[in-house]
Protein chains: 2
Amino acid sequence: MNIILIEKQEIQGARVLLVDRRAKHLVKVLLVQPGDTVRIGIIDGPKGCGKVVALAARFPFQVELEVEFAADMPEKPPIDLLLALPRPIMLRRIFSQAAALGVGTIFITNAQRVEKSFWSATLLNEEEYRPHLLQGLEQAVDTRVPEVSVYDRFKPFIEDVLPGRMEGYSHLLIAHPNSPNTLKTVITEKPGRILLAVGPEGGWIDYEIDRFSECGFTAFSMGERILKVDTAVVALHGRLSERRESFS
Amino acid sequence: MNIILIEKQEIQGARVLLVDRRAKHLVKVLLVQPGDTVRIGIIDGPKGCGKVVALAARFPFQVELEVEFAADMPEKPPIDLLLALPRPIMLRRIFSQAAALGVGTIFITNAQRVEKSFWSATLLNEEEYRPHLLQGLEQAVDTRVPEVSVYDRFKPFIEDVLPGRMEGYSHLLIAHPNSPNTLKTVITEKPGRILLAVGPEGGWIDYEIDRFSECGFTAFSMGERILKVDTAVVALHGRLSERRESFS
């Protein structure tokens, strides 16, 4: 936990009283004392700092902070993800890693090669996945929670939903092992927002690739190695970020 | 398992008899039948294909392959890793992900901020970590097992071992959050082999950074976000790979 995240409504005057795992972390891991200052942030708001004004160092842990915030909030990361629903254990890791790396929106949809049983995962409920997103933000010192949009049917998603969500992207990209393109050939000038689609284990089927391509997506490959989805998402995020920075 | 890996000594004439999890995978997941051809590879040797000549489709599973191999073996990946010993659960993931992404050698050493208890991890024994490396290779369709070298004392490692292992690298890099450099500023021409050092949770201490820098390492940062070691390794591998390909 490299930043303590709070909900806006937790602020009372200029004070915040923490009584949960955040208090425990401050007391047991960061070993704070009255007078110490810690990094805090309002979820989907600005970062700031909190001065410890009181604490209970034993269970039930309690830390009271006097808080102050920057005027501006962190920018939304310029990469969005579109995933064919992965296996829940993998999705959980993707949620926290994507939040840590920085993504704006995570679209999740169906695909031929998604196992039907994955759709019954409780992790698809916001109360289940939000803690994983927050963990990623706490790790990476960010406050912007990725938006998560889940669509359990591919056709309505790609025909009705996606077209309305595609404005503002400079690049619509789909990772596809057989493509002759690379990121270098598909991003040839400084990109704006990028939407990156990553398929299921086993890949998208041709029909799905065709539909993405009708929507304006460009396929690219990052080489011959076949990666698990969670590894691929992080590696691709790194590659996209590096490619972006090559123009700055 | 996107490739069936075998030890050289398993080949008898031009046949291989599989009786373990590989046989089960062929029978239960790939649903092979006599006459089918599957992708195989000799560990640290060439890839090839195996034709199913006989099988037992029930426990105890058994598959006999007639095998053939390419003349040349895959090249050693051009990126090596140097890690401060991570938490075992993280190291396990790094082993399989690094093998999947492709690394030549993984050096593991100590650092001030490595928890002492990590050194008692059974995972540091070859018989424990090798299966994780092989899993990564099976995923990524590679045969080259990363070499793993473990040194439990920092000073002897950096003074006596590392100098003898540094030939052949075009770049010695150390990821360090406070550096003003980026990969773009430290890799300005087509790189050869790269050795990438990634610190422990909490980072290298100044003394360690100084010693690396005396050894010829250049520090760089990939931004302000603080990442877990396993996420950082994969994201950095992606960035290095992208940066490398920008010169091709």
Side-chain angles (χ1 to χ4, degrees), chain A residues 1-3 29 39 47 74-75 77 79 90 93-94 96-103 135-142 144 175 177 182-185 187-188 201-203 220-248, chain B residues 1-3 29 39 47 74-75 77 79 90 93-94 96-103 135-142 144 175 177 182-185 187-188 201-203 220-248:
Chain A
M1 216 183 284
N2 295 307
I3 185 170
V29 180
R39 193 152 45 186
K47 298 182 201 172
E75 277 181 38
I79 297 175
M90 210 165 263
R93 206 145 57 217
I94 292 173
S96 64
Q97 291 191 305
L101 291 163
V103 305
Q135 262 171 41
L137 299 178
E138 287 167 350
Q139 170 65 39
V141 192
D142 192 5
R144 301 286 306 245
T182 64
L183 280 186
K184 185 185 169 187
T185 60
I187 304 181
T188 54
E201 227 179 296
F220 73 97
S221 154
M222 60 164 173
E224 287 181 357
R225 308 180 80 92
I226 305 175
L227 300 176
K228 289 194 179 171
V229 178
D230 56 344
T231 309
V233 164
V234 177
L236 285 166
H237 194 289
R239 281 178 175 263
L240 280 175
S241 302
E242 191 61 29
R243 190 79 198 124
R244 172 185 303 280
E245 289 165 25
S246 72
F247 296 104
S248 62
Chain B
M1 216 183 283
N2 294 308
I3 185 170
V29 180
R39 193 153 45 187
K47 297 183 202 172
E75 277 183 38
I79 297 174
M90 210 165 265
R93 206 146 57 220
I94 291 172
S96 64
Q97 291 191 305
L101 291 163
V103 305
Q135 261 171 41
L137 299 179
E138 287 168 351
Q139 170 66 36
V141 192
D142 193 4
R144 302 286 307 243
T182 63
L183 280 185
K184 186 185 169 188
T185 60
I187 304 181
T188 55
E201 227 179 295
F220 73 97
S221 155
M222 62 163 172
E224 287 181 358
R225 308 181 81 93
I226 304 174
L227 300 176
K228 287 192 181 171
V229 178
D230 56 344
T231 310
V233 164
V234 177
L236 285 166
H237 194 288
R239 281 178 175 262
L240 280 175
S241 303
E242 191 62 29
R243 189 79 199 124
R244 172 185 304 279
E245 288 165 25
S246 72
F247 296 104
S248 62

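The figures here come from the full heavy-atom set of this structure, side chains too, leaving out hydrogens, waters and symmetry mates. Order of the sequence lines sets the chain letters (A, B, ...), proteins ahead of strands, with each chain counted from 1.
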With chain B, which of Val141(A), Leu227(A), Leu236(A) has the greatest number of heavy-atom pairs at distances under 4.5 Å? Leu227(A)
Side chain, backbone, both or neither: which part of Leu101(B) has a non-hydrogen atom closer than 4.5 Å to chain A? both
What I'd like to find out is whether the side chain of Ile79(B) reaches to under 4.5 Å of the side chain of Ser241(B), using heavy atoms alone. yes
Answer yes or no: is there a side-chain heavy-atom contact under 4.5 Å between Asn2(A) and Arg39(A)? yes
When the 4.5 angstrom heavy-atom criterion is applied to Ala98(A) and chain B, the contacting part is neither
Any sub-3.5 Å donor-acceptor pair from Gln139(A)'s side-chain atoms to Ile226(B)'s backbone N or O? yes
Do we see a donor-acceptor contact under 3.5 Å between the side chains of Gln135(B) and Ser96(B)? no
Looking at Glu245(A), Met222(A), Arg243(A), which hits side chain to side chain contact (heavy atoms under 4.5 Å, CB included) with Glu242(B)? Arg243(A)
Using heavy-atom distances under 4.5 Å, tell me whether Val234(A) contacts chain B through its side chain, its backbone, both, or neither. both
Tell me, out of Gly102(A), Gly136(A), Ala232(A), who's got the most heavy-atom pairs with chain B below 4.5 Å. Gly102(A)
